[in-house]
Amino acid sequence: MIKIIFLGKVVSWKIQSDHEEIMENLNQLLAVKKEKLAKIRELGVDPYPTRCKRTHKIELLLDNKDKFVSSEEIITISGRLKAMRRQGKVGFGNLSDDSGNIQIFVKKDKVGEANYEVFKLLDLGDFVQIEGTCFFTQRGEFSIRAQKVTVLGKSLLPLPTVKEKVVDGKKERYDEFSDIELRYRKRYLDLLLNPEVKRTFQIRALIIKEIRDFLDKRNFMEIETPILQPLYGGAQARPFITHHNTLNIDLYMRIALELYHKRLIVGGIERVYEIGKNFRNEGMDRTHNPEFSMLELYQAYADYSDMMDLTEDMMLHLAKKVFNKESITFGKTEINFKKPWKRASMIELIKDECGFDASDFDFDKIRDFGNKNGIELDKTAGSGKYIEALFEKMVEPKLIQPTFVIDFPKEISPLAKVKPGHPNLTERFELFINGNEFGNAFTELNDPEEQRKRLNAQSRLRELGDVEANVVDEDFLEALEYGMPPTGGLGIGIDRLIMLFTNNSSIKEVILFPQMKPIE
RNA sequence: GGGGGUGUAACUCAGUGGUAGAGUAUCUGCCUUUUAAGCAGAGAGUCGACGGUUCAAAUCCGUCCACCCUCACCA
């Protein structure tokens, strides 16, 4: 034990030799790798060189096998060593970069004794550079014959070994890295060992790119609005609270993008969109992560019908760009995006499904029917919340093909404009596909006095104990008082959209680093 | 939060009260066109954590932790 002074503090430091450290703290596999690392250095080779070289990506070689074999061109590839089959004075391996996987062939005679010694010290997972020429082995496998093997980066921890065998044209995997918890906690291993995971995130990136492309072409302007907000709003949800030291105030992480976007519509930007994260301090499960990505867009001089048209076009665009067709397959279900999609009012759908007519908004009648169907809501609930609950329980799971559910109760839509001639309803729709909600849109309320009344009503609900009710945002109301044009707004949950397009039923599969509890 | 399930070697998994196992990976030896390379040998474990029952616990009981499924709430 030795004591040293570090930044003015006395720190105790237990000194251990490398050997003791290995014996005491590390398992055998790590010790072996550290020994190999030391041996490489003893051979005068830098296991972490500053420069590397790559003349060809592996995919390029695989796509032009005959050409590279006949030209005998000397090429240099770099990648991670994924397999090793050594046999005496010759060895085979597999090298992967992000474009593909190729067999390498290293022969002692060819690379020389010293270089072969380095090759023998390589492990699975090491980064390696191979210089050589392409050829076909006796078994006919396209390979690169090394003239020189260079270590680019030695790994110290063993990569789980996944092996594959082709049986009847299908790849069979052995010792797959499949522990779900480990896959999420160590996503880098998941990506490395499970190719379909990488595919999921490639599709995710493509979808987001195509959404931008679609909206940019329609003259929407991409914007960024605050994540840290003095007041939160735009959705029914509980927020995360954080603190700013200099201002000495609590701030909220946004739960929606809506209120800032509408300020920009007031400011004369007629079409805006944002793809960003929202944060909701609520339960976590297969379809909920505390932070999740949303697309929101607002279009001046438009209403919810325009938003339905836009949604249809956008989803169709995505299906065509990702799968090159107008439908996708989720599980065993074919989802068809061909226009036009069904548009039906919430109350009609309830009537069709249960034979119950809620159009008169008779609270006692609706609550009794809800109770009979196992729906019990707290005392702040009016007929609107009961209608929504009935819909969610009885109708929602049955909406498999894309369906716009339109005309929501005013009670649960404090930011949407009333439907003309129907004082209890608003011009609002939610999009349902495969029994899940994918989008939410309104003809936006632009009457500042009406908006104030609605938010005040929310505020009263909050006082009665509704923790998800909206708060009154005076700055937003003031913006409306300067005048907002008629506007249509739309929100789409990106993560769920990715789930649908990648055939995943857990949100954790489409978020690179999903929230997990820390390990004790 | 309720209910159900899982947790054993680096990975995938056997193991129902009596000396902790297999395949892969790792190490040693042999092997100059292999490919889930092969053959021979070796090392490797806090059996999720803590407590209890027992002569004896991976195994039975209890508590806790993590993850999965499901229900409730939410996007």
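Here the structure is a predicted model, which means the values were calculated and not measured. Side chains are part of it too, since the values below use all heavy atoms of this structure and drop only hydrogens, waters and symmetry mates. Each chain gets a letter, A, B and so on, in the order its sequence line appears, and its residues count up from 1.
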Less than 4.0 Å between a side-chain N and a carboxylate O, is that true for A:K67 and A:E73?
no

SB check A:K120 A:E117 (cutoff 4.0 Å)
yes

Closest to the A:R286 side chain: B:C69, B:U34, B:C11?
B:C69

Closest to side chain of A:E181, choosing from B:C31, B:U26, B:C67:
B:C67

Quiz item: A:E141 side-chain donor-acceptor pair to B:U35 base, under 3.5 Å:
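Present.
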
Has the side chain of A:Q138 got a donor or acceptor that lies under 3.5 Å from a partner of the other kind on the base of B:U34?
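A donor-acceptor contact between them is absent.
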
Euclidean distance for P, B:C50 against B:U70 (whole angstrom)
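So the two P atoms sit 32 Å from each other.
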
Under 4.0 Å, counting only non-hydrogen atoms across every strand here, what does A:F135 touch: a base, just sugar-phosphate, or nothing?
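Base, at least one base atom sits under 4.0 Å.
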
Touch class at under 4.0 angstrom, heavy-atom based, for A:K107 against every strand present
base

Donor on one side chain, acceptor on other, A:N278 and A:E291, under 3.5 Å
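A:E291 and A:N278 do not have a side-chain donor-acceptor pair below 3.5 Å.
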
Rounded to whole angstroms, how far apart are OH on A:Y174 and C1' on B:A36?
6 Å

In whole angstrom, what separates A:F177's CZ from B:C67's P?
15 Å

